[in-house]
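Accompanying notes for the structure given below.
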Amino acid sequence: MDFKSVGIKGLGYYVPEKVMTNFDFEKLIDTSDEWIRTRTGIEERRFAAPDQATSDLCVEASKKALENANMTIDDIDLILIATCTPDYPVQAAACLVQKKLGAKQTPCFDLNAACSGFIYGLTVAGGMIRGGVYKNILVVGAETLSRIIDMEDRNTCVLFGDGAAAAVVSEVEEGYGFLGVYLGAEGEDDDILKIPAGGTKKPNTVETIENRENFVHMKGKDVFKFAVHALPRATNKAMKIAGVTSDELKMVFPHQANIRIIEAAAKRIHAPIEKFYVNLQRFGNTSSASVGIALGEALEKGKLKKGDLIALTGFGAGLTYGSIVMKWVY
Ligand code: ACO
């Protein structure tokens, strides 16, 4: 059976204007620029303005992706937002994006795979297009993590930033686009990274708020251990499915959580660190937006051209992980 070739026809990203530097955190909590830089590589990140929520970041990134794909919102058959920070707990951010972009009747849904969300979203969209369900799907990875981090918890608050990246996924020239896709999850590790309260298991009460259980809680070392095996595992599997070796990859776009995780993964993928696009120093960890923002920046800088073989690879809460090897389309 012949499968359609599916890939990204247009990409755009958006980060809010407000810059939070490590020095800004020095004024708020017991931390230092030196600690944050040496342990993570992060120097600054962007925080959304008070009147911006996740759907607003999505809209900005989507407009650019549509423009780059030479399409309008009327060409889009489905809006899929990958996020773990929707505007509201109930009502998909995708529906708000539909309204703000002026789309009528377009189906919409959100997907939560945390930081692997962009890769999960592209995979779902790719499958739907291959199956002939839709022609053009708008996939957005977007987060307003500044609203769910505890600004009194130095273990977590310095790591995250806000942003969005959007991709128009469509049928593409034969042999281009997604060549190998691999997704995974380890649900048994359910206490490593989560917001303990505010869901159906433990609705928020005065007590949960006082205990700050409405914010992200993370066992950093456990996430680190997971990440350094999950990233290479996903990338190596996707390369194998694509029939591609790490030597053939022009670039790798990893989830931008921590430079030490990326360095460890590079060794296990047997690819030089120079092939890994890194911008976490300026944006921190933007969860489901990070891989797309990195891709968007590389495109803007002219670092990618048609036919380049690249890998996207990520991990996140859940715990989830995934990778897509693709031949760049434009
Ligand atoms: N400033 C100063 N000191 C700090 C800070 C801070 N911001 N944060 C922690 N410390 C302290 C700790 O309290 C600890 O002090 P102690 O020894 O007195 O208890 C000390 O620094 C060392 O802490 P460690 O946790 O051992 O530091 P480590 O080298 O493991 O780095 C880090 C911590 C950066 C969180 C690392 O474990 C990491 O990056 N883990 C992965 C996190 C991640 O990627 N999360 C998100 C992925 S999924 C997603 O994106 C949703």
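For reference, positions follow the sequence shown, starting with 1.
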Expected list for residues 260-269: side-chain donor-acceptor pairs under 3.5 angstrom, two or more places apart:
unit_1, atom_1, unit_2, atom_2, d
Arg260, NE, Arg39, O, 2.9
Arg260, NH2, Arg39, O, 3.1
Arg268, NH1, Val228, O, 3.1

For this session: Show the numbers, then the answer: is there a salt bridge (Lys or Arg N to Asp or Glu O under 4.0 Å) between Lys100 and Asp56?
Result: CA-CA 8 Å; Lys100 289 175 186 176; Asp56 300 303; 2.9 Å; yes
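- In this structure, Ile81 shares a hydrophobic cluster with Val59, Leu66, Met71, Ile73, Ile76, Ile79, Val97, Leu101, Leu138, Val140, Val168, the cluster being traced through Ile, Leu, Val, Met, Phe, Trp and Tyr side chains under 4.5 angstrom apart.
- Identified under the ring-ring contact (aromatic ring centres under 6.0 Å, His included) test for residues 284-319, with sequence neighbours left out: His255-Phe315.
- With contacts defined as side-chain heavy-atom distances shorter than 4.5 Å, the pair Met239/Leu249 qualifies.
- Ring planes of Tyr182 and Tyr321: tilted class, angle from 30 to 60°.
- Using a cut-off of 4.0 Å between Lys/Arg side-chain N and Asp/Glu carboxylate O, Glu17 and Arg46 are scored as not salt-bridged.
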Exercise. Does the salt bridge (Lys or Arg N to Asp or Glu O under 4.0 Å) test come out yes or no for Glu213 and Lys202, once each step is laid out?
Worked result: CA-CA 10 Å; Glu213 291 176 90; Lys202 197 176 194 183; 2.6 Å; yes
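- Contact annotation: the side chain of Ile192 approaches that of Asp189 to within less than 4.5 Å [non-hydrogen atoms, C-beta and beyond].
- Within a 6.0 Å radius of CD in Glu248, more than 12 heavy atoms belonging to other residues, nucleotides or ligands are found.
- The shortest distance between side-chain heavy atoms of Asp77 and Thr106 does not fall below 4.5 Å.
- Looking at heavy atoms from C-beta onward, Lys9 lies in side-chain contact with Val172 at the 4.5 angstrom threshold.
- Thr208 and Asn211 are not linked by any side-chain donor-acceptor pair at a separation below 3.5 angstrom, with hydrogens and angles left out of the test.
- Judged as a ring-ring contact (aromatic ring centres under 6.0 Å, His included), not a single pair has a partner in residues 65-96 (not counting sequence neighbours).
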Compile the donor-acceptor pairs under 3.5 Å between side chains in residues 214-222 and protein atoms, sequence neighbours left out, one pair per line.
unit_1, atom_1, unit_2, atom_2, d
His217, NE2, Arg212, O, 2.9

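- Checked options Asn285, Thr286, Asn22, Asp24; the residue passing with Arg45 is Asn22 (criterion: side-chain contact (heavy atoms from CB on, under 4.5 Å)).
- Contacts classified as side-chain hydrogen bond (donor to acceptor under 3.5 Å, both in side chains) and involving residues 118-129 (residues at least two apart or in different chains) are not found.
- In this structure, the side chains of Leu122 and Ile8 come closer than 4.5 Å at one or more pairs of heavy atoms.
- Considering only residues two or more places apart in sequence or on other chains, His270 meets the ring pair (Phe, Tyr, Trp, His ring centres under 6.0 Å) condition with none of them.
- Each side-chain hydrogen bond (donor to acceptor under 3.5 Å, both in side chains) pair with one or both residues in residues 127-137, not counting sequence neighbours, appears once here: Asn136-Ser170.
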May I have the list of side-chain donor-acceptor pairs in residues 322-330 shorter than 3.5 Å, sequence neighbours left out?
unit_1, atom_1, unit_2, atom_2, d
Ser323, OG, Leu312, O, 2.9
Trp328, NE1, Tyr330, O, 2.9
Tyr330, OH, Leu11, N, 3.1

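- With Ser290 contributing its side chain and Gln256 its backbone, the two residues share a donor-acceptor pair below 3.5 Å.
- Between Leu304 and Leu295 the shortest side-chain heavy-atom distance falls below 4.5 Å.
- Checking Thr40 against Asn258 by side-chain atom types alone, no donor-acceptor pair falls below 3.5 Å.
- Formation of a donor-acceptor pair under 3.5 Å by the Ser288 side chain with backbone atoms of Ala82 is found in this model.
- Listed by first then second residue, pairs satisfying ring-ring contact (aromatic ring centres under 6.0 Å, His included) with a partner in residues 17-68 number zero, not counting sequence neighbours.
- Residue Lys201 holds its NZ atom at 8.5 Å from NZ of Lys194, rounded to the nearest 0.5 Å.
- Under the 4.5 Å side-chain heavy-atom criterion for ILVMFWY residues, a single connected hydrophobic cluster contains both Leu299 and Met251.
- Defined by atom type and a distance below 3.5 Å, a donor-acceptor pair is missing between the side-chain atoms of Thr85 and Thr144.
- A side-chain hydrogen bond (donor to acceptor under 3.5 Å, both in side chains) check over residues 301-314, counting only residues at least two apart or in different chains, returns the pairs Glu173-Lys306, Thr235-Thr313, Lys250-Asp308, Tyr277-Lys301, Lys305-Asp308.
- Not a single side chain to side chain donor-acceptor pair (under 3.5 Å) links Thr72 to another residue, sequence neighbours left out.
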